[in-house]
Protein chains: 4
Amino acid sequence: MGAVKTKRMPRAVREQQMLDAAVRTFGQRGYMAASMDEIAELAGVSKPLVYLYLNSKEDLFTACIRREGQALTEAVRAGVDTRSSADRQLWDGLRAFFTHTAQHPDGWSVLHLQARTHGEPFAAEVAALRAELVAFVTELIAVTAREAHRDRDPDLAEREVAGLAEALVGAAESLAAWSNATPGVTARQTAATLMNFAWAGLGNLVEGRPWSPPAGAEYRP
Amino acid sequence: MGAVKTKRMPRAVREQQMLDAAVRTFGQRGYMAASMDEIAELAGVSKPLVYLYLNSKEDLFTACIRREGQALTEAVRAGVDTRSSADRQLWDGLRAFFTHTAQHPDGWSVLHLQARTHGEPFAAEVAALRAELVAFVTELIAVTAREAHRDRDPDLAEREVAGLAEALVGAAESLAAWSNATPGVTARQTAATLMNFAWAGLGNLVEGRPWSPPAGAEYRP
Amino acid sequence: MGAVKTKRMPRAVREQQMLDAAVRTFGQRGYMAASMDEIAELAGVSKPLVYLYLNSKEDLFTACIRREGQALTEAVRAGVDTRSSADRQLWDGLRAFFTHTAQHPDGWSVLHLQARTHGEPFAAEVAALRAELVAFVTELIAVTAREAHRDRDPDLAEREVAGLAEALVGAAESLAAWSNATPGVTARQTAATLMNFAWAGLGNLVEGRPWSPPAGAEYRP
Amino acid sequence: MGAVKTKRMPRAVREQQMLDAAVRTFGQRGYMAASMDEIAELAGVSKPLVYLYLNSKEDLFTACIRREGQALTEAVRAGVDTRSSADRQLWDGLRAFFTHTAQHPDGWSVLHLQARTHGEPFAAEVAALRAELVAFVTELIAVTAREAHRDRDPDLAEREVAGLAEALVGAAESLAAWSNATPGVTARQTAATLMNFAWAGLGNLVEGRPWSPPAGAEYRP
DNA sequence: GATGAATGAGAATTCATTCAT
DNA sequence: TATGAATGAATTCTCATTCAT
């Protein structure tokens, strides 16, 4: 178990080994339950070396978040051709997303679960990543969605677009976890399910057919 | 701070105070970072009393999950009239859901983040709760959604419905967190955003207008 | 389990119930591992009552030692007729001893193991009991043994008698534990084994045939 | 006080220091009353180091039992020449035994009292050690003792030999404690006392003069 | 560049014991 | 006579982190 113990590697390589071990350990045990001991052993180095290179548990975890976050956004970016139509971009992006999360479950666990569950230094880190994805989605739906709300308060529309993007990203995140946990579901199928749901819904909005609350539907506390 | 130190309360009352303190602490600090010391102090009692009544950190956390989970499902149930139309039921349910999560942010953090991030005794506990919500949603969309897939492989349709429900619940969960974190967004608005998105999308599906992948859209790994 | 919960018993009865529970718990769990909680529950009373009557764990344990010690010495005394011959007295005493220890294994565990293992307040208590038994044995062998050493240093003889008595009592104690732990051995057989061993040996001593060290048998460290 | 605080020792050395401290502490305070804190302080190291090397209180205690047990059996073995006559072997063995227990009173307390009083992981450990001594003694007395019982039920004889060995070992154990607690008694004298007692008795048995119960000596319960 | 040796600080949990009624 | 409510003080054990080489 663990990397083969090879001595005197260049620093960059060693660091990647450590990050590999850390992502795996954090992803499986969780941030707090993961011990530096275990990570060092899995990386095949001594603990002091981990500290020498990565400084502290907090920094190590942050480095994991950054690396995995970048890998994920790059995978999505690489899967999308910005010259395509909006729906094609979304479709390509979702497939790339689900494919990546399926191939890096520990990294996804770090980003989706661990980083968000352990408060401040980390939440900000993921928030930045998430903002990128939300921005991508927002971009795709912004114009059309605003159309559908042309006649309403534009500020509300602003916020509603944000909400829609949030919902879409949230649905994607949730489906990624579900897809990883449900055997026999491919990334492509998952992407299709969400696309179907989302685009059909957005399509309606675009065409000016939003759903509206039934009359007298006030909520009684 | 913390509860006023009142002495000699009947057990049932003390237990609720402890659960209050525990939900708050777990919700804010996370399961592992929360210390029994802090919880006891916030509850205004000594640690041994917490152990006497709630047995262990694990049991205490489980008790929190159960209590908050029940409160949430009851709130949703109470907000929905099962004799209403499907869209009305969903609308009512979502408003009840977002209202409750907005009023109990720590409880929601416990259920949505903490319980899912800390492995087995707890994951199962939330899974049960989640299953209830997913079942509720599935019920609402099942018939109509199956219609839209009449001509396809029925088994796939089965799984696709599951995926859709998962997506909807995931979106709701995500929006709940977003709504809690974004000032000036009401539960009602959040519910409307999601309803709009979801029902419009489902509406399209029902009417036989699913989105379909553009030709030649294969993903190159 | 435990005594039936009957209310308002006279103090003396309650105390015996508590001591019963305590002897059983101390005997099985050991002094330190036994908890006042367990003892109170087994006795069918609340903890404060145990403290009211028996004062503290230490006092409770001491009371156990005293009660069980007295029961044992009384059993031995009752089994012996002081008008009998020395060997007959020893034989009767041993049988009574082994019979009693077999019938009260927890009490014997308290006296033989627990009380001696837990330092000062208790060691003294057992020492007194033990002294009684040693004195009884010493009395029996003193005269005859001294005979056998007539020609030697009388002070040494004094100490040797003490040593012999100690050896005999030690052998008896050890055999009691062994007999309790070995199925199918009766108290009578155990008594016969020890009697055989001891008396035959003593008989030799009496008749002036002590064993003596082989020449040049010095121990090389 | 305790060991002088010397820093950076090789592991093997530190481990012995820890075992020294542990034997002393366990021997004097008892297994449960001894705290890891006290042991660490006496060893001149911090608690975590004790855990790093010895794993747990239980493992530490087991290590003590093993080390002291081996030291004792080796001392006895080294003191005995198996080519000597039986009585000479017993005599040499007893002297070695009492010498060792006198020189290592804490180790003896650990083996004789603590290990036997604290249940299962440990009892088995000492039982093995004890079995070795009992086997040694049994070997010495087996043939001759069986002679003396030639005409009786051989199965009973078997058990009686076991009982005799048990008695002898028990007497030795008891005398070791007594000798440690009685000032002015040397190991040699103690060995002589027991040898005298035991061998004279065994001598009688060998020569076909066992003690036999007086007629009509039944014990009335 | 790399590590064996070592620790300060804090975590969960348990227990004998008392108070107020 | 009897008890439900409550706690101070340990105890075992773990962990992130550093020093000396």
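Just so you know, these numbers come straight off a predicted model, no measurement behind them. Chain identifiers are assigned alphabetically (A, B, ...) following the order of the sequence lines, protein sequences preceding nucleic acid strands; residue numbering begins at 1 within each chain.
Taking atom CD1 of residue Ile39(B) and atom P of nucleotide dA11(E), one finds them 11 Å apart after rounding to whole Å. dC15(E) atom C1' lies 15 Å from atom CD of Glu41(C), rounded to whole Å. Remark: P of dA11(E) and CZ of Arg29(B) are 10 Å apart, rounded to the nearest angstrom. Computed from coordinates, the Asp59(B) CG to dA12(E) C1' distance equals 13 Å when rounded to whole Å. Atom pair Leu54(C):CG and dA16(E):P shows a separation of 14 Å (rounding to whole Å applied). Remark: C1' of dT7(F) and CE of Met9(B) are 17 Å apart, rounded to the nearest angstrom. The distance from atom CD of Glu38(D) to atom P of dA9(F) is 20 Å, rounded to the nearest whole Å.
Remark: Arg24(B) CZ is loosely packed, at most 12 non-hydrogen atoms of other residues, nucleotides or ligands lying under 6.0 Å away.
A donor-acceptor pair is defined here as one N or O able to donate and one able to accept, closer than 3.5 Å; such a pair exists between the side chain of Lys57(B) and the backbone of Met32(B). Checking side-chain atoms of Thr117(C) against main-chain N and O of Leu113(C) turns up a donor-acceptor pair under 3.5 Å. When atom types are taken as modelled, the side chain of Thr62(A) and the backbone of Glu58(A) share a donor-acceptor pair closer than 3.5 angstrom.
For the pair Leu52(B) and Leu49(C), both in contact range of DNA chain F, the more 5′-proximal nearest nucleotide belongs to Leu49(C).
At the phosphate of dA2(F), OP1 or OP2 sits under 4.0 Å from a side-chain N or O atom of Arg14(C).
The minimum heavy-atom distance linking Ala34(B) with Thr25(B) is given by the pair CB-CG2, 3.7 Å. Annotation for Ala115(B) and Ile65(B): closest pair CB-CD1, 3.6 Å, computed over non-hydrogen atoms.
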Review point. In dot-bracket form, how is DNA chain F paired, counting a Watson-Crick or G-U wobble pair only if both its distances are under 3.5 Å and using | for bases paired to another strand?
Key: .||||||||||||||||||||

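Using a 4.0 Å heavy-atom cutoff across all strands shown, Arg11(B) reaches sugar-phosphate atoms only and no base atom.
Between Tyr31(C) and Phe26(C), the ring planes are tilted. Angles from 30° to 60° get that label.
Asp20(C) and Arg67(C) are joined by a salt bridge, as a carboxylate oxygen and a charged side-chain nitrogen come within less than 4.0 angstrom of each other.
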Exercise for review: Summarise protein proximity over nucleotides 14-21 of chain F in one line of letters, 5' to 3': B for base, S for sugar-phosphate only, - for none, counting protein heavy atoms closer than 4.0 Å.
Suggested key: BBSBBBS-

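Residues passing the ring pair (Phe, Tyr, Trp, His ring centres under 6.0 Å) test with His112(C), sequence neighbours excluded: Trp108(C).
When distances are taken from the side chain of Ser46(A) to each of dT7(F), dT3(E), dA6(E), the shortest belongs to dT3(E).
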